[in-house]
Colleague: 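Take this structure first; my questions come after.
Throughout, a chain's letter reflects where its sequence line sits, starting with A, and its residues are numbered from 1. Keep in mind that what you see is a predicted model, and the values were worked out from it rather than measured.
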Amino acid sequence: MADRLPLTGADCFLRAFDDEIRRRCGSSHNSQLVLELGPGFDGERLRKTLDEVARAQPILRAPIRRGAFSPPAYRLDLAPRSPLPPVALHELEEDAPDDAVREVCFRRLNETLSGRDGRLLRFDAIRRGDRTDLVMTWLHMLLDGSGSEAFVRWLDEVGGGMRSPADLPPDEAPDGPVDRSGQPLGARERGDRAMRWQASMKSLGDLPTRSLAGPLRTERQALGYQVRGFDHGESAAIVETAKQRAGFLTPMLYYLAAALRAHDAVFRMRGARPPSYVVPLPVNLRPKGSEKAIFRTRVSLIWFQVEGEQLDDPDGLLDELKRQRRDAIKAGLVEAGTAAMDYARWAPQRVYARMARRGLAGELCSFFFAFTGEFLADQPTFFGAPIVRGYHAAPVPPSPGSSLAMSLHGGRLNATHVTQANVLTPDEQACFWTTLCAELVAPGGAG
Amino acid sequence: MSASSSSGGSGDWTRETLAEKVCEILREELLEVDDGFGPSSNLVESGLDSLAVTQLMLSLEESTGIWLDESLLTPEVLETADTLAACLLEELSRG
(Lines give C-alpha, C1' and ligand atoms only; values in the text may rest on other atoms or scores of the structure.)
Protein backbone atom coordinates (compact mmCIF):
# COMPACT_ATOMS: atom_id res chain seq x y z
CA MET A 1 0.00 0.00 0.00
CA ALA A 2 1.22 3.48 -0.90
CA ASP A 3 2.19 5.80 1.95
CA ARG A 4 0.29 8.72 0.45
CA LEU A 5 -3.07 9.08 -1.27
CA PRO A 6 -3.49 12.49 -2.96
CA LEU A 7 -6.68 14.46 -2.46
CA THR A 8 -8.75 14.90 -5.62
CA GLY A 9 -9.36 18.35 -7.07
CA ALA A 10 -12.90 18.30 -5.66
CA ASP A 11 -11.46 17.40 -2.22
CA CYS A 12 -9.18 20.43 -2.37
CA PHE A 13 -12.03 22.63 -3.55
CA LEU A 14 -13.92 21.59 -0.40
CA ARG A 15 -10.77 21.92 1.67
CA ALA A 16 -10.53 25.59 0.69
CA PHE A 17 -13.95 26.19 2.21
CA ASP A 18 -13.11 24.06 5.22
CA ASP A 19 -10.16 26.38 5.77
CA GLU A 20 -12.42 29.41 5.43
CA ILE A 21 -14.92 28.08 7.98
CA ARG A 22 -12.06 27.14 10.31
CA ARG A 23 -10.59 30.66 10.20
CA ARG A 24 -13.78 32.69 10.21
CA CYS A 25 -16.24 30.57 12.16
CA GLY A 26 -14.15 28.27 14.38
CA SER A 27 -15.50 24.97 13.10
CA SER A 28 -15.03 22.72 10.08
CA HIS A 29 -16.86 21.74 6.89
CA ASN A 30 -18.72 18.71 8.26
CA SER A 31 -21.30 16.59 6.54
CA GLN A 32 -23.85 14.36 8.21
CA LEU A 33 -25.87 11.27 7.38
CA VAL A 34 -28.64 10.22 9.76
CA LEU A 35 -30.35 6.83 9.95
CA GLU A 36 -33.51 6.54 12.04
CA LEU A 37 -33.49 2.91 13.16
CA GLY A 38 -36.12 0.65 14.66
CA PRO A 39 -35.56 -2.05 17.32
CA GLY A 40 -32.53 -4.31 17.33
CA PHE A 41 -29.60 -1.94 16.73
CA ASP A 42 -26.33 -3.41 18.01
CA GLY A 43 -24.10 -0.44 18.89
CA GLU A 44 -21.29 -2.52 20.35
CA ARG A 45 -21.01 -4.50 17.14
CA LEU A 46 -20.82 -1.25 15.18
CA ARG A 47 -18.01 -0.01 17.42
CA LYS A 48 -16.05 -3.26 17.04
CA THR A 49 -16.61 -3.31 13.28
CA LEU A 50 -15.56 0.31 12.84
CA ASP A 51 -12.34 -0.37 14.78
CA GLU A 52 -11.54 -3.29 12.49
CA VAL A 53 -12.40 -1.31 9.37
CA ALA A 54 -10.34 1.72 10.42
CA ARG A 55 -7.32 -0.53 11.04
CA ALA A 56 -7.73 -2.10 7.59
CA GLN A 57 -8.53 1.19 5.80
CA PRO A 58 -6.03 3.77 7.09
CA ILE A 59 -7.58 6.65 5.15
CA LEU A 60 -10.29 6.80 7.84
CA ARG A 61 -7.79 8.32 10.29
CA ALA A 62 -4.95 9.47 8.05
CA PRO A 63 -3.64 13.01 8.62
CA ILE A 64 -3.80 15.25 5.56
CA ARG A 65 -0.49 16.93 4.80
CA ARG A 66 0.84 19.03 1.97
CA GLY A 67 4.38 18.37 0.73
CA ALA A 68 6.77 21.15 -0.24
CA PHE A 69 6.26 20.45 -3.95
CA SER A 70 3.28 18.13 -3.96
CA PRO A 71 -0.47 18.53 -3.47
CA PRO A 72 -2.18 17.63 -0.18
CA ALA A 73 -2.39 13.92 0.48
CA TYR A 74 -3.70 11.47 3.06
CA ARG A 75 -0.59 10.24 4.90
CA LEU A 76 -1.60 6.61 5.21
CA ASP A 77 1.72 5.79 6.86
CA LEU A 78 0.90 8.12 9.79
CA ALA A 79 -2.63 6.79 10.31
CA PRO A 80 -1.74 4.32 13.10
CA ARG A 81 -0.73 7.27 15.30
CA SER A 82 -4.22 8.80 15.08
CA PRO A 83 -7.14 7.73 17.28
CA LEU A 84 -9.72 5.34 15.86
CA PRO A 85 -12.99 6.99 14.76
CA PRO A 86 -15.23 7.12 17.85
CA VAL A 87 -18.71 5.66 18.28
CA ALA A 88 -20.47 7.45 21.15
CA LEU A 89 -23.59 5.88 22.65
CA HIS A 90 -26.18 8.29 24.11
CA GLU A 91 -29.06 7.01 26.21
CA LEU A 92 -32.09 9.30 26.32
CA GLU A 93 -35.44 8.80 28.01
CA GLU A 94 -37.83 6.75 25.89
CA ASP A 95 -40.14 9.74 25.50
CA ALA A 96 -37.37 12.30 24.91
CA PRO A 97 -38.44 14.80 22.24
CA ASP A 98 -36.90 14.98 18.78
CA ASP A 99 -35.22 18.22 19.82
CA ALA A 100 -33.04 16.26 22.25
CA VAL A 101 -31.78 14.13 19.36
CA ARG A 102 -31.29 17.18 17.18
CA GLU A 103 -29.22 18.81 19.91
CA VAL A 104 -26.63 16.02 19.53
CA CYS A 105 -26.79 16.21 15.72
CA PHE A 106 -26.25 19.96 15.68
CA ARG A 107 -23.45 19.79 18.24
CA ARG A 108 -21.56 17.33 16.03
CA LEU A 109 -22.26 19.34 12.89
CA ASN A 110 -20.64 22.36 14.52
CA GLU A 111 -17.69 20.63 16.16
CA THR A 112 -14.26 20.75 14.64
CA LEU A 113 -13.02 17.68 12.84
CA SER A 114 -9.45 17.90 11.71
CA GLY A 115 -7.72 16.68 8.60
CA ARG A 116 -4.39 17.66 10.08
CA ASP A 117 -4.88 15.36 13.07
CA GLY A 118 -6.59 12.53 11.19
CA ARG A 119 -9.88 13.12 13.02
CA LEU A 120 -12.12 12.73 10.01
CA LEU A 121 -15.13 10.69 11.07
CA ARG A 122 -17.32 9.92 14.07
CA PHE A 123 -20.56 8.12 14.91
CA ASP A 124 -23.18 8.89 17.53
CA ALA A 125 -25.90 6.41 18.38
CA ILE A 126 -28.75 8.11 20.24
CA ARG A 127 -31.13 5.66 21.88
CA ARG A 128 -34.70 6.39 22.94
CA GLY A 129 -36.18 3.11 24.17
CA ASP A 130 -35.91 0.66 21.31
CA ARG A 131 -35.41 3.41 18.70
CA THR A 132 -31.98 4.70 17.68
CA ASP A 133 -30.90 7.68 15.65
CA LEU A 134 -27.52 6.87 14.18
CA VAL A 135 -25.54 9.95 13.19
CA MET A 136 -22.44 9.74 11.01
CA THR A 137 -20.49 13.00 10.87
CA TRP A 138 -17.42 13.42 8.70
CA LEU A 139 -15.11 16.01 7.25
CA HIS A 140 -16.86 16.54 3.94
CA MET A 141 -13.82 15.94 1.74
CA LEU A 142 -13.49 12.33 3.00
CA LEU A 143 -16.75 11.15 1.40
CA ASP A 144 -19.26 12.66 -0.99
CA GLY A 145 -22.97 11.86 -0.65
CA SER A 146 -22.81 8.77 -2.82
CA GLY A 147 -19.60 7.60 -1.14
CA SER A 148 -21.11 8.02 2.33
CA GLU A 149 -24.02 5.74 1.42
CA ALA A 150 -21.64 3.18 -0.08
CA PHE A 151 -19.56 3.34 3.11
CA VAL A 152 -22.59 2.71 5.33
CA ARG A 153 -23.62 -0.25 3.18
CA TRP A 154 -20.12 -1.69 3.20
CA LEU A 155 -19.82 -1.22 6.99
CA ASP A 156 -23.04 -3.16 7.48
CA GLU A 157 -21.78 -5.97 5.25
CA VAL A 158 -18.53 -6.19 7.22
CA GLY A 159 -20.47 -6.14 10.50
CA GLY A 160 -22.70 -8.93 9.21
CA GLY A 161 -19.71 -11.10 8.32
CA MET A 162 -20.42 -10.94 4.60
CA ARG A 163 -17.12 -9.19 3.81
CA SER A 164 -13.81 -8.66 5.49
CA PRO A 165 -12.66 -5.18 6.59
CA ALA A 166 -9.94 -5.28 3.93
CA ASP A 167 -12.32 -6.37 1.19
CA LEU A 168 -12.64 -3.07 -0.63
CA PRO A 169 -11.54 -2.65 -4.24
CA PRO A 170 -8.75 -0.07 -4.51
CA ASP A 171 -9.60 3.37 -5.83
CA GLU A 172 -7.85 3.17 -9.18
CA ALA A 173 -9.46 6.19 -10.82
CA PRO A 174 -6.89 8.75 -12.05
CA ASP A 175 -6.31 11.53 -9.53
CA GLY A 176 -6.44 14.27 -12.14
CA PRO A 177 -9.13 15.29 -14.64
CA VAL A 178 -10.08 12.90 -17.43
CA ASP A 179 -11.85 13.17 -20.76
CA ARG A 180 -15.27 11.68 -21.50
CA SER A 181 -13.79 8.25 -22.11
CA GLY A 182 -11.83 8.31 -18.84
CA GLN A 183 -8.36 9.07 -20.23
CA PRO A 184 -6.19 11.57 -18.28
CA LEU A 185 -5.90 15.02 -19.86
CA GLY A 186 -2.65 16.57 -21.01
CA ALA A 187 -1.44 19.80 -19.41
CA ARG A 188 -2.55 22.01 -22.29
CA GLU A 189 -6.05 20.54 -22.50
CA ARG A 190 -6.35 20.76 -18.73
CA GLY A 191 -5.43 24.44 -18.81
CA ASP A 192 -7.82 25.21 -21.66
CA ARG A 193 -10.70 23.54 -19.87
CA ALA A 194 -9.95 25.26 -16.58
CA MET A 195 -9.93 28.62 -18.36
CA ARG A 196 -13.25 27.80 -20.00
CA TRP A 197 -14.76 27.02 -16.59
CA GLN A 198 -13.30 30.14 -15.05
CA ALA A 199 -14.78 32.25 -17.87
CA SER A 200 -18.21 30.73 -17.30
CA MET A 201 -17.90 31.38 -13.57
CA LYS A 202 -16.85 34.95 -14.19
CA SER A 203 -19.89 35.53 -16.38
CA LEU A 204 -22.14 34.64 -13.42
CA GLY A 205 -20.99 37.88 -11.82
CA ASP A 206 -22.56 39.93 -14.61
CA LEU A 207 -25.87 39.76 -12.78
CA PRO A 208 -25.62 40.47 -9.04
CA THR A 209 -26.83 37.83 -6.64
CA ARG A 210 -27.33 37.65 -2.90
CA SER A 211 -27.81 34.75 -0.52
CA LEU A 212 -30.18 34.65 2.43
CA ALA A 213 -27.21 35.05 4.77
CA GLY A 214 -25.73 38.01 2.91
CA PRO A 215 -22.07 38.06 2.00
CA LEU A 216 -19.50 36.82 4.49
CA ARG A 217 -20.56 36.26 8.06
CA THR A 218 -17.78 35.81 10.56
CA GLU A 219 -19.50 34.72 13.76
CA ARG A 220 -19.03 31.21 15.16
CA GLN A 221 -20.60 28.52 13.01
CA ALA A 222 -24.00 27.49 14.34
CA LEU A 223 -25.63 25.24 11.77
CA GLY A 224 -28.97 23.62 12.42
CA TYR A 225 -31.54 21.96 10.23
CA GLN A 226 -35.15 21.01 9.77
CA VAL A 227 -36.23 17.79 8.06
CA ARG A 228 -39.50 17.33 6.25
CA GLY A 229 -40.53 13.78 5.36
CA PHE A 230 -43.38 13.45 2.89
CA ASP A 231 -45.74 10.51 3.36
CA HIS A 232 -45.91 7.67 0.84
CA GLY A 233 -48.88 9.09 -1.06
CA GLU A 234 -47.44 12.59 -1.34
CA SER A 235 -44.03 11.23 -2.25
CA ALA A 236 -45.37 8.95 -4.98
CA ALA A 237 -47.27 11.82 -6.57
CA ILE A 238 -44.31 14.22 -6.37
CA VAL A 239 -41.82 11.68 -7.71
CA GLU A 240 -44.09 10.79 -10.62
CA THR A 241 -44.65 14.45 -11.51
CA ALA A 242 -40.92 15.15 -11.29
CA LYS A 243 -40.16 12.31 -13.70
CA GLN A 244 -42.89 13.33 -16.12
CA ARG A 245 -41.92 16.98 -16.16
CA ALA A 246 -38.14 16.81 -15.90
CA GLY A 247 -37.33 13.30 -17.14
CA PHE A 248 -36.99 9.80 -15.70
CA LEU A 249 -33.23 10.15 -15.08
CA THR A 250 -33.13 13.91 -14.50
CA PRO A 251 -35.89 14.68 -11.96
CA MET A 252 -33.48 16.84 -9.94
CA LEU A 253 -34.35 19.87 -12.07
CA TYR A 254 -37.96 19.67 -10.93
CA TYR A 255 -36.84 19.68 -7.29
CA LEU A 256 -34.37 22.50 -7.95
CA ALA A 257 -37.13 24.61 -9.53
CA ALA A 258 -39.26 24.13 -6.39
CA ALA A 259 -36.28 25.04 -4.18
CA LEU A 260 -35.66 28.22 -6.18
CA ARG A 261 -39.30 29.27 -5.87
CA ALA A 262 -39.19 28.58 -2.10
CA HIS A 263 -36.11 30.77 -1.66
CA ASP A 264 -37.67 33.43 -3.84
CA ALA A 265 -40.75 33.44 -1.61
CA VAL A 266 -38.56 34.24 1.39
CA PHE A 267 -36.78 37.04 -0.46
CA ARG A 268 -40.11 38.51 -1.58
CA MET A 269 -41.29 38.32 2.02
CA ARG A 270 -38.29 40.49 2.86
CA GLY A 271 -39.23 42.78 -0.01
CA ALA A 272 -35.80 42.38 -1.58
CA ARG A 273 -35.70 39.98 -4.51
CA PRO A 274 -32.12 39.73 -5.84
CA PRO A 275 -31.51 40.38 -9.56
CA SER A 276 -30.48 36.75 -10.04
CA TYR A 277 -30.21 33.40 -8.30
CA VAL A 278 -27.04 31.33 -8.72
CA VAL A 279 -27.06 27.68 -7.69
CA PRO A 280 -24.53 24.89 -8.29
CA LEU A 281 -25.80 21.36 -8.83
CA PRO A 282 -23.34 18.59 -7.92
CA VAL A 283 -22.77 16.01 -10.64
CA ASN A 284 -21.73 12.60 -9.40
CA LEU A 285 -18.89 11.38 -11.56
CA ARG A 286 -19.24 7.70 -10.67
CA PRO A 287 -22.17 5.35 -10.94
CA LYS A 288 -24.38 5.33 -7.86
CA GLY A 289 -23.65 2.28 -5.75
CA SER A 290 -20.19 1.86 -7.26
CA GLU A 291 -17.85 -0.03 -4.99
CA LYS A 292 -14.77 1.29 -6.65
CA ALA A 293 -14.26 4.63 -4.99
CA ILE A 294 -15.96 5.01 -1.64
CA PHE A 295 -13.49 7.53 -0.24
CA ARG A 296 -12.58 10.98 -1.57
CA THR A 297 -15.04 13.12 -3.50
CA ARG A 298 -15.67 12.58 -7.21
CA VAL A 299 -17.96 15.37 -8.28
CA SER A 300 -18.19 18.29 -10.64
CA LEU A 301 -20.69 21.13 -10.62
CA ILE A 302 -23.19 22.54 -13.10
CA TRP A 303 -24.02 26.17 -12.35
CA PHE A 304 -27.44 27.67 -12.95
CA GLN A 305 -28.31 31.34 -13.03
CA VAL A 306 -31.87 32.59 -13.36
CA GLU A 307 -33.18 36.12 -13.16
CA GLY A 308 -35.78 36.96 -10.57
CA GLU A 309 -38.55 37.45 -13.15
CA GLN A 310 -37.91 33.98 -14.59
CA LEU A 311 -39.18 32.50 -11.33
CA ASP A 312 -42.65 33.92 -11.91
CA ASP A 313 -43.42 31.25 -14.53
CA PRO A 314 -42.88 27.72 -13.12
CA ASP A 315 -43.06 26.00 -16.51
CA GLY A 316 -40.70 28.52 -18.06
CA LEU A 317 -38.35 28.12 -15.10
CA LEU A 318 -38.12 24.36 -15.58
CA ASP A 319 -37.49 24.79 -19.31
CA GLU A 320 -34.77 27.32 -18.53
CA LEU A 321 -33.06 24.94 -16.09
CA LYS A 322 -33.20 22.16 -18.69
CA ARG A 323 -31.71 24.47 -21.30
CA GLN A 324 -28.89 25.62 -19.02
CA ARG A 325 -28.04 22.08 -18.00
CA ARG A 326 -28.02 20.88 -21.60
CA ASP A 327 -25.86 23.84 -22.71
CA ALA A 328 -23.41 23.30 -19.86
CA ILE A 329 -22.98 19.61 -20.71
CA LYS A 330 -22.71 20.41 -24.42
CA ALA A 331 -20.01 22.99 -23.71
CA GLY A 332 -18.08 20.39 -21.71
CA LEU A 333 -18.37 22.37 -18.48
CA VAL A 334 -18.74 19.21 -16.36
CA GLU A 335 -15.30 18.01 -17.46
CA ALA A 336 -13.99 21.59 -17.41
CA GLY A 337 -15.08 21.84 -13.76
CA THR A 338 -12.90 18.89 -12.79
CA ALA A 339 -9.97 20.49 -14.63
CA ALA A 340 -10.49 23.78 -12.76
CA MET A 341 -10.85 22.03 -9.42
CA ASP A 342 -7.61 20.21 -10.11
CA TYR A 343 -5.80 23.53 -9.78
CA ALA A 344 -7.15 23.74 -6.24
CA ARG A 345 -4.70 20.94 -5.44
CA TRP A 346 -1.82 23.33 -6.08
CA ALA A 347 -3.20 26.75 -5.11
CA PRO A 348 -3.04 27.93 -1.48
CA GLN A 349 -6.44 27.34 0.11
CA ARG A 350 -7.10 30.96 1.01
CA VAL A 351 -6.36 32.19 -2.48
CA TYR A 352 -8.81 29.75 -3.95
CA ALA A 353 -11.67 30.62 -1.58
CA ARG A 354 -11.04 34.30 -2.21
CA MET A 355 -11.09 33.79 -5.99
CA ALA A 356 -14.38 31.91 -5.73
CA ARG A 357 -16.03 34.71 -3.75
CA ARG A 358 -14.59 37.56 -5.79
CA GLY A 359 -16.76 36.83 -8.84
CA LEU A 360 -20.02 37.17 -6.92
CA ALA A 361 -19.16 40.09 -4.67
CA GLY A 362 -18.55 38.00 -1.59
CA GLU A 363 -21.12 35.29 -2.22
CA LEU A 364 -20.43 31.72 -3.31
CA CYS A 365 -23.97 31.20 -4.61
CA SER A 366 -27.61 31.81 -3.57
CA PHE A 367 -27.84 28.46 -1.75
CA PHE A 368 -26.53 24.92 -2.07
CA PHE A 369 -28.77 22.22 -3.45
CA ALA A 370 -28.41 18.47 -3.87
CA PHE A 371 -30.75 15.66 -4.85
CA THR A 372 -29.08 12.34 -4.10
CA GLY A 373 -31.84 10.08 -5.41
CA GLU A 374 -32.74 6.78 -3.78
CA PHE A 375 -31.08 6.48 -0.37
CA LEU A 376 -29.68 3.00 0.43
CA ALA A 377 -32.29 1.54 -1.90
CA ASP A 378 -31.46 -2.12 -1.38
CA GLN A 379 -30.53 -1.97 2.28
CA PRO A 380 -33.50 -2.43 4.64
CA THR A 381 -31.46 -2.83 7.85
CA PHE A 382 -28.32 -1.50 9.53
CA PHE A 383 -26.60 -3.56 12.22
CA GLY A 384 -29.70 -5.56 12.96
CA ALA A 385 -32.25 -2.73 12.99
CA PRO A 386 -34.69 -1.73 10.27
CA ILE A 387 -33.94 1.63 8.64
CA VAL A 388 -37.10 3.68 9.17
CA ARG A 389 -35.76 6.80 7.51
CA GLY A 390 -32.45 8.19 6.30
CA TYR A 391 -31.32 11.59 5.13
CA HIS A 392 -28.30 13.76 4.46
CA ALA A 393 -27.50 17.11 6.07
CA ALA A 394 -25.22 18.98 3.69
CA PRO A 395 -22.72 21.43 5.18
CA VAL A 396 -22.79 25.07 4.17
CA PRO A 397 -20.24 27.89 4.54
CA PRO A 398 -21.26 31.04 6.44
CA SER A 399 -22.54 32.57 3.24
CA PRO A 400 -24.71 31.51 1.40
CA GLY A 401 -25.72 30.17 4.82
CA SER A 402 -28.32 27.64 3.65
CA SER A 403 -28.53 24.35 1.79
CA LEU A 404 -31.30 22.01 0.78
CA ALA A 405 -30.62 18.28 0.37
CA MET A 406 -33.34 15.98 -0.93
CA SER A 407 -33.41 12.19 -1.19
CA LEU A 408 -35.76 9.22 -1.27
CA HIS A 409 -35.87 6.26 1.08
CA GLY A 410 -38.40 3.45 1.06
CA GLY A 411 -40.68 5.43 -1.24
CA ARG A 412 -40.64 8.52 0.96
CA LEU A 413 -39.19 11.85 -0.10
CA ASN A 414 -37.10 13.71 2.50
CA ALA A 415 -35.87 17.28 2.44
CA THR A 416 -33.24 18.64 4.85
CA HIS A 417 -32.91 22.40 5.09
CA VAL A 418 -29.62 23.33 6.75
CA THR A 419 -29.16 26.95 7.82
CA GLN A 420 -26.78 29.05 9.82
CA ALA A 421 -28.40 30.38 13.00
CA ASN A 422 -30.45 33.55 12.56
CA VAL A 423 -30.39 33.43 8.76
CA LEU A 424 -34.15 32.86 8.74
CA THR A 425 -36.78 34.09 11.15
CA PRO A 426 -39.42 31.53 12.20
CA ASP A 427 -41.90 33.21 9.83
CA GLU A 428 -39.42 33.01 6.97
CA GLN A 429 -38.69 29.37 7.75
CA ALA A 430 -42.44 28.64 7.70
CA CYS A 431 -42.76 30.51 4.40
CA PHE A 432 -39.90 28.45 2.94
CA TRP A 433 -41.48 25.10 3.85
CA THR A 434 -45.00 26.10 2.84
CA THR A 435 -43.79 27.24 -0.56
CA LEU A 436 -41.49 24.26 -1.09
CA CYS A 437 -44.23 21.75 -0.30
CA ALA A 438 -46.77 23.53 -2.47
CA GLU A 439 -44.33 23.79 -5.39
CA LEU A 440 -43.41 20.12 -5.17
CA VAL A 441 -47.03 19.04 -5.24
CA ALA A 442 -48.12 21.47 -7.97
CA PRO A 443 -45.65 23.97 -9.49
CA GLY A 444 -47.14 27.44 -9.31
CA GLY A 445 -49.49 26.31 -6.54
CA ALA A 446 -47.82 28.63 -4.05
CA GLY A 447 -48.79 31.61 -6.19
CA MET B 1 -42.19 21.53 -26.10
CA SER B 2 -41.80 17.82 -26.75
CA ALA B 3 -39.07 17.55 -29.33
CA SER B 4 -37.24 19.87 -31.66
CA SER B 5 -35.63 19.17 -35.00
CA SER B 6 -32.93 21.16 -36.70
CA SER B 7 -32.87 19.19 -39.92
CA GLY B 8 -36.18 17.30 -39.85
CA GLY B 9 -37.29 14.21 -41.71
CA SER B 10 -36.44 10.59 -41.04
CA GLY B 11 -33.85 10.47 -43.83
CA ASP B 12 -32.22 7.07 -44.14
CA TRP B 13 -32.64 6.17 -40.52
CA THR B 14 -34.40 2.96 -39.56
CA ARG B 15 -35.13 1.65 -36.12
CA GLU B 16 -32.26 -0.80 -36.52
CA THR B 17 -29.69 1.78 -37.65
CA LEU B 18 -30.77 4.19 -34.92
CA ALA B 19 -30.46 1.46 -32.29
CA GLU B 20 -27.00 0.61 -33.58
CA LYS B 21 -26.05 4.32 -33.44
CA VAL B 22 -27.20 4.49 -29.80
CA CYS B 23 -25.11 1.42 -28.99
CA GLU B 24 -22.09 2.84 -30.81
CA ILE B 25 -22.19 6.12 -28.86
CA LEU B 26 -22.66 4.36 -25.55
CA ARG B 27 -19.93 1.81 -26.25
CA GLU B 28 -17.34 4.25 -27.56
CA GLU B 29 -17.95 7.37 -25.50
CA LEU B 30 -20.09 6.97 -22.46
CA LEU B 31 -20.33 3.56 -20.79
CA GLU B 32 -17.95 0.79 -19.84
CA VAL B 33 -19.81 -2.15 -21.34
CA ASP B 34 -18.71 -5.58 -22.47
CA ASP B 35 -18.89 -7.10 -25.93
CA GLY B 36 -22.35 -8.49 -25.26
CA PHE B 37 -23.88 -5.01 -25.09
CA GLY B 38 -26.42 -4.60 -27.87
CA PRO B 39 -29.77 -3.09 -28.90
CA SER B 40 -31.72 -5.17 -26.37
CA SER B 41 -29.41 -4.57 -23.38
CA ASN B 42 -30.94 -2.70 -20.45
CA LEU B 43 -29.54 0.83 -20.52
CA VAL B 44 -29.92 1.77 -16.86
CA GLU B 45 -28.47 -1.54 -15.70
CA SER B 46 -25.56 -0.89 -18.06
CA GLY B 47 -24.79 2.36 -16.24
CA LEU B 48 -26.83 5.03 -18.04
CA ASP B 49 -27.26 7.86 -15.53
CA SER B 50 -28.40 11.48 -15.56
CA LEU B 51 -25.18 12.81 -17.06
CA ALA B 52 -24.72 10.05 -19.61
CA VAL B 53 -28.31 10.28 -20.85
CA THR B 54 -27.90 13.98 -21.66
CA GLN B 55 -24.55 13.35 -23.34
CA LEU B 56 -26.23 10.58 -25.36
CA MET B 57 -29.07 12.88 -26.42
CA LEU B 58 -26.57 15.56 -27.48
CA SER B 59 -24.65 13.06 -29.62
CA LEU B 60 -27.88 11.79 -31.15
CA GLU B 61 -28.93 15.36 -31.87
CA GLU B 62 -25.69 15.84 -33.81
CA SER B 63 -26.38 12.72 -35.84
CA THR B 64 -30.10 13.04 -36.43
CA GLY B 65 -30.94 16.69 -35.83
CA ILE B 66 -33.54 15.69 -33.27
CA TRP B 67 -33.46 16.76 -29.64
CA LEU B 68 -35.70 14.72 -27.35
CA ASP B 69 -36.97 16.76 -24.45
CA GLU B 70 -36.23 15.14 -21.06
CA SER B 71 -39.96 14.73 -20.42
CA LEU B 72 -40.12 12.20 -23.28
CA LEU B 73 -37.47 10.04 -21.68
CA THR B 74 -39.66 7.65 -19.71
CA PRO B 75 -38.47 4.35 -18.22
CA GLU B 76 -40.09 2.58 -21.15
CA VAL B 77 -38.28 4.70 -23.73
CA LEU B 78 -34.94 4.35 -21.93
CA GLU B 79 -35.25 0.62 -21.38
CA THR B 80 -33.02 -0.40 -24.31
CA ALA B 81 -31.29 1.12 -27.33
CA ASP B 82 -34.07 -0.39 -29.41
CA THR B 83 -36.91 1.30 -27.47
CA LEU B 84 -35.06 4.61 -27.57
CA ALA B 85 -34.58 4.19 -31.32
CA ALA B 86 -38.32 3.65 -31.73
CA CYS B 87 -39.05 6.92 -29.94
CA LEU B 88 -36.44 8.77 -31.99
CA LEU B 89 -37.81 7.38 -35.24
CA GLU B 90 -41.31 8.48 -34.29
CA GLU B 91 -40.08 12.02 -33.66
CA LEU B 92 -38.07 11.97 -36.91
CA SER B 93 -41.09 10.88 -38.90
CA ARG B 94 -43.05 13.83 -37.48
CA GLY B 95 -40.39 16.05 -38.99
Colleague: Measuring from B:Ser50:OG to A:Ile302:CD1, what's the distance to the nearest 0.5 Å?
Modeller: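 Separation between the atoms: 8.0 Å.
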Colleague: Would you mind checking which part of B:Val44 comes under 4.5 Å of any heavy atom in chain A, side chain (CB onward), backbone (N, CA, C, O), both or neither?
Modeller: side chain
Colleague: Could you measure the distance from the CD atom of B:Glu62 to the NZ atom of A:Lys330? Nearest 0.5 Å is fine.
Modeller: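 With rounding to 0.5 Å, CD (B:Glu62) is 7.0 Å from NZ (A:Lys330).
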Colleague: Please identify each residue that fulfils ring pair (Phe, Tyr, Trp, His ring centres under 6.0 Å) with A:Phe371, with sequence neighbours left out.
Modeller: A:Tyr255
Colleague: How close do A:Arg245 and B:Ser71 get, heavy atom to heavy atom, and via which atoms?
Modeller: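 Minimum heavy-atom contact is O-CB, 3.8 Å.
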Colleague: Ignoring hydrogens, what is the shortest heavy-atom contact between A:Phe248 and B:Leu73? Give both atom names and the distance.
Modeller: CB-O, 2.9 Å
Colleague: Top residue by heavy-atom pair count (under 4.5 Å) with chain A, among B:Thr74, B:Val53, B:Leu51?
Modeller: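 So the answer, after comparing B:Thr74, B:Val53, B:Leu51, is B:Leu51.
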Colleague: Using a 4.5 Å cut-off on heavy atoms from C-beta on, say whether the side chain of B:Asp49 contacts that of A:Leu249.
Modeller: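 A:Leu249 vs B:Asp49: side chains apart.
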Colleague: Measure the CD-CD distance between A:Glu335 and B:Gln55 for me, rounded to the nearest 0.5 Å.
Modeller: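 CD of B:Gln55 is found 5.5 Å from CD of A:Glu335.
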Colleague: Counting only heavy atoms not in A:Arg323, do more than 12 sit closer than 6.0 Å to its CZ atom?
Modeller: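 Above 12, so yes.
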Colleague: At a heavy-atom separation under 4.5 Å, does B:Leu31 approach chain A through its side chain, its backbone, both, or neither?
Modeller: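 When you check distances to chain A, no heavy atom of B:Leu31 falls under 4.5 Å.
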Colleague: At what distance, to the nearest 0.5 angstrom, does NZ of A:Lys243 lie from CD of B:Glu70?
Modeller: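 Between atom NZ of A:Lys243 and atom CD of B:Glu70 there are 15.5 Å.
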Colleague: Would you say the side chains of B:Thr54 and A:Arg325 form a donor-acceptor pair under 3.5 Å?
Modeller: yes
Colleague: Taking only residues two or more places apart in sequence or in another chain, which ones pass side-chain contact (heavy atoms from CB on, under 4.5 Å) with A:Asp167?
Modeller: A:Arg163, A:Ser164
